[in-house]
Participant: 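What follows is a structure written as structure tokens; I'll ask about it next.
No hydrogens, no waters, no symmetry mates; every other heavy atom, side chains included, goes into these values. Remember, it's 1-based here, ligands and their atoms both numbered in the order they're listed. Computed from a predicted structure; not experimentally measured. All residue numbers refer to positions in the sequence shown, counting from 1.
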Amino acid sequence: MTASRVLVLNSGSSSVKYQLLDMADRSRLAVGLVERIGEETSRLVHEPLATGGDRREQLGPIADHEAALKAVAAELAADGLGLDSPELAAVGHRVVHGGTRFTAPTVIDDEVLAEIRSLVPLAPLHNPANVTGIEVARALRADIPQVAVFDTAFHATMADHVAQYAIDAEVAERFSVRRYGFHGTSHAYVSRATARLLGKAPEEVNVIVLHLGNGASASAVRGGVCVDTSMGLTPLEGLVMGTRSGDLDPAVIFHLARVGGMSVDEIDSLLNKKSGLLGMCGDNDMREVLRRAGEGDEAAGRAFATYVHRLKKYIGAYTAVLGRVDAVVFTAGVGENAAPVREAAVAGLEELGLALDHRANAERSGEPRLISPEYARVAVAVVPTDEELEIAAQAYELVTR
Ligand code: ADP
């Protein structure tokens with residue numbers, strides 16, 4: 001019997017999301033989440049999919065990531081899926097920033113871990129938690145490969161002239177300032193799945209992927225290779241997001257510092273956590289924005305319009321970048337569920353070859369599907385993303401190669 005299970009860990013600063021998958025049939029054995037780590041009100045939610053049992057919830061303090069992972073291990077053991085099992089082939093870790101060094105999934109050793117740690121200045125909100133998750137999992141199962149799968153990796157194929165910012169080259173080099181891009185695991189998975197939906201090989205199709213979750217990013221993928229993406233040095237650039245501003249004149253920052261008297265940290269927090277939909281109308285959840293806009297709420301309506309306007313601009317820009325577009329695909333929480341966003345983003349783009357089948361767009365489904373009429377030159381699709389499956393697949397492929 002070959003080991004075919006992969007545990008996928010997505011460690012945030014105060015949370016750990018996990019999934020245990022069996023790569024023999026790509027099935028999910030268990031999924032869960034530990035949140036509010038380090039607080040009195042920590043919560044673990046565990047769904048034992050393999051046993052078909054009820055979802056279990058644990059409330060009460062979980063002090064740190066080590067305690068969190070031990071609690072997860074105990075839940076899995078209770079399902080007969082303990083992490084000490086010889087069937088566990090690898091642990092796959094989502095790592096947000098891989099810098100220019102990591103362009104593919106990588107088995108983690110001391111040197112790799114040190115390198116991921118050295119990238120903390122580029123991703124201060126994310127990489128520290130990723131490092132902690134790796135340390136804890138390594139201590140638990142030092143005998144099996146721990147694999148890092150980087151959010152930036154898929155975008156490493158961007159040409160230098162696309163990745164560079166038009167600033168002093170020496171300063172850029174000294175401080176590693178360039179565009180890296182994020183959500184790469186999702187863009188990779190969704191662009192491939194879209195090719196499959198069109199009945200083509202990834203090499204044959206050009207796709208614009210719109211990953212619209214709480215964070216949001218667009219990418220232009222030519223023949224399976226990423227040529228441009230909307231996020232940059234950090235996940236702040238590009239589309240309007242739940243709480244992030246996306247694109248803005250960098251001088252806004254100087255203005256807020258000089259005239260508004262705000263500190264760098266205050267502006268950082270403003271643009272990352274209190275902007276986007278939340279900043280414009282007080283709600284970051286698209287469901288609420290749509291509901292309020294539907295009731296005539298002006299701020300919500302305007303926030304929706306700004307969100308959609310930015311999306312349209314990126315569809316246009318990436319059409320120009322790609323030259324020929326075979327499909328525009330919507331994914332993640334908003335992209336998969338919010339028909340009005342898709343409707344508004346595509347409206348008026350007939351000249352670019354885009355059109356919608358309004359009935360298909362309004363239908364709810366968890367399956368990859370086309371929502372454009374047959375005559376449309378550019379297909380419009382909805383393809384649910386599955387970052388955990390993609391991380392597990394990449395990790396498994398690496399350790400069984
Ligand atoms: P994350 O970036 O946290 O992984 P998701 O991809 O899960 O985010 O997307 C979360 C967002 O999806 C929510 O903030 C919400 O705005 C949006 N969303 C989820 N369901 C719907 C829906 N039915 N209609 C509109 N928006 C939705």
Participant: Look at atom 24 (N) of ligand 1 and say which protein heavy atom is nearest, naming residue and atom and giving the distance to 0.1 Å.
Facilitator: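 That would be Arg287 CG, 3.3 Å.
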
Participant: Going by distance alone, is a donor N or O of one side chain under 3.5 Å from an acceptor N or O of the other, for Asp265 and Ser263?
Facilitator: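 No.
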
Participant: Pairs of nitrogen or oxygen atoms closer than 3.5 Å, one from Leu290 and one from ligand 1: do any exist?
Facilitator: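 No, there is no polar N/O contact under 3.5 Å.
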
Participant: Is a donor from one side chain sitting under 3.5 angstrom from an acceptor on the other, for Arg364 and Asn337?
Facilitator: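 A pair is found: one side chain offers a donor N or O, the other an acceptor, under 3.5 Å apart.
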
Participant: Strictly by modelled atom types, are Asp247 and Tyr314 linked by a side-chain donor-acceptor pair under 3.5 Å?
Facilitator: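 The answer is yes; a qualifying pair exists.
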
Participant: Just need the protein heavy atom nearest to atom 15 (C) of ligand 1, so name the residue and atom and give the distance.
Facilitator: Asp285 OD1, 3.3 Å

Participant: How far is atom 10 (C) of ligand 1 from its nearest protein heavy atom, and which residue and atom name does that atom have?
Facilitator: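 Nearest neighbour among protein heavy atoms for atom 10 (C) of ligand 1, to 0.1 Å: Asn214 N, 3.9 Å.
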
Participant: Considering non-hydrogen atoms of the protein only, which is the closest contact for atom 16 (O) of ligand 1, and what is the distance?
Facilitator: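 So the nearest neighbour among protein heavy atoms is Met286 N, 2.7 Å.
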
Participant: Considering only non-hydrogen protein atoms, determine which one is nearest to atom 23 (N) of ligand 1 and report residue, atom name and distance to 0.1 Å.
Facilitator: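 Scanning the protein heavy atoms, the shortest distance from atom 23 (N) of ligand 1 goes to Asn337 CB, 3.3 Å.
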
Participant: Any idea which atoms of ligand 1 are less than 4.0 Å away from a heavy-atom of Ala338?
Facilitator: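 Checking each atom against Ala338, I get 25 (C).
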
Participant: We want to know whether Arg43 and Gln58 form a side-chain donor-acceptor pair, criterion being a heavy-atom distance below 3.5 angstrom.
Facilitator: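 Short answer, no.
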
Participant: With atoms numbered from 1 as shown, which atoms in ligand 1 lie under 4.0 angstrom from a non-hydrogen atom of Ala332?
Facilitator: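 Under 4.0 Å from Ala332, ligand 1 has these atoms: 6 (O).
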
Participant: Report yes or no: does a heavy atom of Gly215 sit under 4.0 Å from some atom of ligand 1?
Facilitator: yes

Participant: Applying salt bridge (Lys or Arg N to Asp or Glu O under 4.0 Å) to Glu111 and Arg101, what does each step give before you reach the verdict?
Facilitator: CA-CA 12 Å; Glu111 189 263 328; Arg101 156 80 195 271; 3.0 Å; yes

Participant: Do any pairs count as a ring pair (Phe, Tyr, Trp, His ring centres under 6.0 Å) and have a residue in residues 33-62, sequence neighbours left out, and if so which ones?
Facilitator: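 The answer is Tyr18-His46.
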
Participant: May I ask whether atom 4 (O) of ligand 1 is less than 4.0 Å from at least one protein heavy atom?
Facilitator: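 It does not: no protein heavy atom is found less than 4.0 Å away from atom 4 (O) of ligand 1.
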
Participant: If you measure only the distance, is there a donor-acceptor pair under 3.5 Å linking the side chains of Glu237 and Tyr165?
Facilitator: yes

Participant: Can you spot which of Val325, Val328, Ile208 makes a side-chain contact (heavy atoms from CB on, under 4.5 Å) with Leu354?
Facilitator: Val328

Participant: Could you work out, for atom 18 (N) of ligand 1, the closest of Pro384, Gly333, Gly335 by heavy-atom distance?
Facilitator: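 Looking at heavy atoms only, the winner is Gly333.
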
Participant: Please identify which atoms of ligand 1 are closer than 4.0 Å to at least one heavy atom of Val334.
Facilitator: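 Once the distances to Val334 are compared, the set is 12 (O), 16 (O), 17 (C).
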
